[in-house]
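Shown next, in structure tokens, is the structure this report addresses.
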Amino acid sequence: MRESLKNNMGLSQSVEDYLKVIYVLESEGEGTTTTNIANALDVSSASVTNMLKRLAKMNLLEYESYKGAKLTDAGNKIALEILRHHRLLELYLKEVMGYSWDEVHDEAEKLEHHISEQFEDRIAELLNHPTHDPHGDPIPSKDGIMPTMAQLSISEAEKNTPYIIGRVKDQDPELLRYLEKIGVLPGSKIEVIEKAPFDGPVKIRLEDNVEQMLGQAVASEVYVVEADKQP
């Protein structure tokens, strides 16, 4: 069984949450500023500053005031472990336990810190070693390799080009239920057929020639890959 760095260090749940959030912010290109981290974790900026200084002393990240945080190799490894737990759990909850995709995030948040590496391995084996969770987010491998992640939002996509929905970034349950209702799900084929100017709504065509209008707030949270570049 592989060695778990987070278990060996005896990290608290709060520390693991910080490392995971910083990794996600980095990977999304959103910036690891104190404000962004505070918003993601729903805590005060002062709390974030104190924790970042603590994590820097633990050599889990590099931190300078007003420049944000950058994970060290050790911090990056732990963040990937937690993300792997979380995303495997989401898929397990949906595929095996029958949860809907708008329910799995909160449940996985509660469980991700407490499962053993053996339990993680059993889930991965049971699910045939998946590469993406129910929302299309990539699942890191045991060795810390992150699969390709869809980076192009529907709001940025070209018109009249066939795409496959890769992932939904926002985990808001109400949004996920809405997207499921209109058929905007990972793996679905779509085309952008019309874009209103000045950040107006986007009209898309789904399979079976079903057309839907998406506001910019929604279109910017759904990411696609070109159909002919799909692995």
For the pair [X] (side chain) and [Y] (backbone), establish whether a donor and an acceptor sit closer than 3.5 Å, ignoring hydrogens and angles.
X      : Y      : answer
Asp143 : Ile145 : no
Asn36  : Gly31  : yes
Lys77  : Thr72  : no
Glu211 : Arg205 : no
Thr49  : Ser45  : yes
Glu103 : Ser100 : yes
Tyr163 : Glu158 : yes
Arg84  : Pro140 : yes
Glu28  : Leu25  : no

Straight-line distance of [X] [atom1] to [Y] [atom2], nearest 0.5 Å:
X      : Y      : atom1 : atom2 : result
Leu61  : Thr32  : CG    : OG1   : 8.5 Å
Leu214 : Glu221 : CG    : CD    : 12.0 Å
Ser47  : Asp42  : OG    : CG    : 10.5 Å
Ile78  : Leu71  : CD1   : CG    : 9.5 Å
Tyr18  : Leu52  : OH    : CG    : 7.0 Å
Leu80  : Tyr23  : CG    : OH    : 4.5 Å

Can you check whether [X] reaches [Y] side chain to side chain, under 4.5 Å on heavy atoms?
X      : Y      : answer
Val15  : Leu60  : yes
Ile182 : Tyr178 : yes
Val96  : Ile123 : no
Gln171 : His135 : yes
His105 : His86  : yes
Ile37  : Met51  : no
Gln216 : Pro201 : no
Val202 : Ile204 : yes

Would you find more than 12 non-hydrogen atoms of other residues, nucleotides or ligands less than 6.0 Å from [X] atom [atom1]?
X      : atom1 : value
Met213 : CE    : yes
Asp208 : CG    : no
Arg177 : CZ    : yes
Tyr92  : OH    : no
Lys189 : NZ    : no

Legend entry - Aromatic centroids of His85 and His113 separated by under 6.0 Å: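 When the ring centroids of His113 and His85 are compared, they turn out to be at least 6.0 Å apart.
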
Legend entry - From CA spacing to verdict: side chain to side chain donor-acceptor pair (under 3.5 Å), Ser12, Ser14: CA-CA 5 Å; Ser12 68; Ser14 178; 4.9 Å; no

Decide, yes or no, whether a salt bridge links [X] with [Y] under the criterion of side-chain N to carboxylate O below 4.0 Å.
X      : Y      : result
Glu81  : Lys20  : no
Arg87  : Glu112 : no
Lys169 : Asp137 : no

Inset, instruction - For the residue pair His129 and Glu125, confirm or rule out a side-chain donor-acceptor distance under 3.5 Å. - result: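 Result is no, nothing qualifies.
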
Inset, instruction - May I ask you to check whether Thr33 and Thr35 show a side-chain donor-acceptor distance below 3.5 Å? - result: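 No pair is found: no donor N or O on one side chain lies under 3.5 Å from an acceptor on the other.
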
Minimum heavy-atom separation for [X] and [Y], please, with both atom names.
X      : Y      : result
Gly166 : Pro186 : O-CB, 3.9 Å
Glu16  : Leu11  : OE2-O, 3.9 Å
Ala108 : Glu90  : CB-CG, 3.7 Å
Val104 : Lys94  : CG1-N, 4.0 Å

Inset, instruction - Check each of Leu176, Ile190, Leu179 against Val184 using the side-chain contact (heavy atoms from CB on, under 4.5 Å) test, and report the only one that passes. - result: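 Answer to the side-chain contact (heavy atoms from CB on, under 4.5 Å) test with Val184 among Leu176, Ile190, Leu179: Leu179.
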
